There are 2 protein chains.
Amino acid sequence: MLAAARRHLLLDRLARDGRVVAKDLAAELEVSEDTIRRDLRELDAEGLAVRVYGGALPASPAVVDYAARASVAPDSKSRVAAAAARLIVPGMTAILDGGTTALAVTAALPRDLDCTIITHSVTVAASLLEHRADVIVIGGTLFKHSAVACGARAAEGALEVSADVFLLGVTGVHADAGLTTGDADEAAMKRTLASRSADTYVLASEEKIGAASRFGVLPLTEVTGIITDADADSAAMRALDAAGAALMRAG
Amino acid sequence: MLAAARRHLLLDRLARDGRVVAKDLAAELEVSEDTIRRDLRELDAEGLAVRVYGGALPASPAVVDYAARASVAPDSKSRVAAAAARLIVPGMTAILDGGTTALAVTAALPRDLDCTIITHSVTVAASLLEHRADVIVIGGTLFKHSAVACGARAAEGALEVSADVFLLGVTGVHADAGLTTGDADEAAMKRTLASRSADTYVLASEEKIGAASRFGVLPLTEVTGIITDADADSAAMRALDAAGAALMRAG
DNA sequence: GCAGAGTAGGCACAAACATGCAAGAATGGG
DNA sequence: CCCATTCTTGCATGTTTGTGCCTACTCTGC
């Protein structure tokens with residue numbers, strides 16, 4: 001194997017796996033670890049990778065985190081996100097809400113999926129840069145707490161789009177209070193987005209079930225489904241079920 | 001798992017969950033608690049986390065990026081960015097372009113500065129989340145290469161704003177070709193933004209001087225100033241000076 | 001102020017490392 | 001076509017780094 005081709009492969013692996021282990025690659029390419037180490041040292045010198053003890057990491061920290069996340073046991077948030085990501089199929093147009101669970105959806109979304117994602121969250125948009133999906137950003141005044149565009153201009157922008165599915169993030173899913181969040185403006189924005197989509201699914205990781213915040217977004221029965229991995233036998237889940245919520249099992 | 005990747009993961013968890021418990025992470029990553037504790041101790045020493053009894057908490061963001069900045073020599077880009085950031089004074093409304101140099105401006109901007117920043121870049125908007133500044137995002141179709149909103153909707157959004165100063169990023173600053181960039185749509189967007197601002201300054205780090213790209217943005221003489229730290233005696237800089245460009249020394 | 005969890009420092013071992021060297025392959029001029 | 005030069009690779013070397021375990025100490029909640 002040519003040395004240059006090997007370097008190229010190392011960079012490929014860095015991009016794909018988010019890391020390279022000198023020992024493993026040496027075994028795989030049937031060269032000595034010294035050779036791999038030398039390659040990595042040079043890639044580091046060129047700024048294309050970062051040499052670390054045991055191998056190398058990509059020069060871009062974002063890729064590292066992506067890979068690190070994928071290598072550990074998924075928590076409630078990522079299980080819900082993975083289930084939600086499966087709802088987005090090729091050719092579809094989806095609206096993605098802001099918040100950490102929506103961000104987890106972008107991480108769970110296949111990078112080569114051909115679809116259109118509409119979002120009012122700058123962090124969600126930024127994390128979709130590495131994806132093939134078309135991204136449409138809804139602008140407006142940035143609400144710092146959850147990194148989403150809000151206000152009159154954002155609401156106006158939301159009215160100009162429409163989608164097949166809306167993945168809605170909330171802070172509380174409660175049998176009596178319904179779907180709630182912590183900010184009035186944000187609640188209005190979420191309502192507007194829901195009205196622009198054929199279907200709406202709620203991203204409800206464990207800690208949201210049974211919780212309620214100050215501002216109502218929608219009644220439980222106004223959404224297509226509530227994606228959660230909370231224990232179906234818990235009191236809060238039974239209450240939701242009794243209230244007519246369309247609970248969907250994640251993971 | 002590579003030790004360096006584990007550190008990354010710890011930082012990621014700190015950012016996501018707001019805390020790290022040594023015992024839990026040791027179990028999750030299948031290493032001893034000692035190892036996690038050592039990692040946390042080092043992150044603390046680097047100022048990237050704060051060690052507490054039982055685990056660690058995130059360091060204040062201000063300290064974190066001070067630590068990050070201190071570890072690298074300021075390059076041309078950050079010198080230009082620092083000079084540009086000084087143009088933004090309290091009470092001002094500034095438009096920030098996309099690109100890595102504009103991103104460096106956000107890093108150079110004091111976190112407690114009271115101002116309004118308008119941007120069509122999602123990465124710039126995301127990095128302003130920790131700042132006191134009001135942020136207005138211009139939405140539209142995301143142009144992945146430079147992480148900015150482009151297209152008809154973005155142009156429309158740009159026409160609705162106005163500002164005191166526009167910090168313009170380009171890929172080429174050339175005596176004959178003027179200010180240029182690599183995409184036609186982006187060039188048009190930059191022109192529109194310039195028309196909405198009283199003053200326009202160009203972020204021209206070293207490597208841009210004397211370079212030219214395919215699409216023209218503006219003639220050299222149409223901007224208020226060109227901020228650069230390139231050698232004033234170089235041929236390219238002399239040519240720019242002769243062409244009537246208002247060169248401003250950075251650093 | 002006591003019990004139990006958490007911690008730092010020391011120790012030992014294994015893995016990973018840089019370095020120098022020599023053999024072999026590729027390259028380039030004569 | 002051949003010889004000199006350069007580049008690459010693998011190996012042996014002594015060194016450094018990361019890790020787990022142990023012990024003595026410290027912190028926290030009751």
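Chain naming here is simple, since letters A, B, ... match the order of the sequence lines and numbering starts at 1 in each. Note that the structure is a prediction, hence the values are computed from the model and not measured. Because only heavy atoms are used, hydrogens play no part in the values below, and waters and symmetry mates are left out as well, while side chains stay in.
- Between the CZ atom of B/Arg41 and the C1' atom of C/dG10 there is a distance of 12 Å, rounded to whole Å.
- Using a 4.0 Å heavy-atom criterion, one finds that B/Val52 contacts the sugar-phosphate atoms exclusively.
- The side chain of B/Ala22 has C/dT7 as its nearest neighbour among C/dT7, C/dC17, C/dT19.
- Side chain to side chain, A/Ser121 and A/Thr119 fail the donor-acceptor criterion of an N or O pair below 3.5 Å.
- Test B/Leu103, B/Leu167, B/Leu109 against B/Leu96 for side-chain contact (heavy atoms from CB on, under 4.5 Å) and you get one pass: B/Leu167.
- Within the structure, side-chain hydrogen bond (donor to acceptor under 3.5 Å, both in side chains) pairs that include any residue of residues 96-109 of chain B comprise B/Lys77-B/Thr100, B/Asp97-B/His120, B/Asp97-B/Lys190, B/Thr101-B/Lys208, B/Thr106-B/Ser127 (at least two apart or interchain).
- Relative to the axis of its first five pairs, the axis of the last five pairs of the helix from C/dG1-D/dC30 to C/dG30-D/dC1 sits at 50°, rounded to 10 degrees.
- Take A/Ala5 and apply the side chain to side chain contact (heavy atoms under 4.5 Å, CB included) test, not counting sequence neighbours, and it matches A/Met1, A/Leu2.
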Apply side-chain contact (heavy atoms from CB on, under 4.5 Å) to A/Ile227 and A/Leu87, showing your working. CA-CA 11 Å; A/Ile227 306 169; A/Leu87 294 173; 3.7 Å; yes
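- Side-chain contact between A/Ile117 and A/Asp134: absent, with no pair of heavy atoms (C-beta onward) separated by less than 4.5 Å.
- Interface limits on DNA chain D: the 5'-most and 3'-most nucleotides within less than 4.0 Å of chain A heavy atoms are D/dT9 to D/dG18.
- Nearest-nucleotide positions on DNA chain C for A/Gly54 and B/Arg51 put B/Arg51 closer to the 5' end.
- With 3.5 Å as the limit, one finds a donor-acceptor pair spanning the side chains of B/Glu207 and B/Ser205.
- Side chain to side chain, A/Ser213 and A/Thr171 meet the donor-acceptor criterion of an N or O pair below 3.5 Å.
- For DNA chain D, the residues of residues 32-40 of chain A within the heavy-atom distance limit of 4.0 Å (strictly under) are A/Ser32, A/Asp34, A/Thr35, A/Arg38, sorted by number.
- Residues B/Leu14 and B/Leu10 are not in side-chain contact: their nearest non-hydrogen atoms beyond the backbone lie 4.5 Å or more apart.
- Applying the side-chain hydrogen bond (donor to acceptor under 3.5 Å, both in side chains) definition to pairs two or more places apart or across chains, those involving residues 228-245 of chain A are A/Ser76-A/Asp229, A/Arg79-A/Asp229.
- Here the nucleotide nearest the side chain of A/Lys23, chosen from C/dG4, C/dA16, C/dT19, is C/dA16.
- Contact check for A/Val223 versus A/Leu218: side-chain heavy atoms found under the 4.5 Å cut-off.
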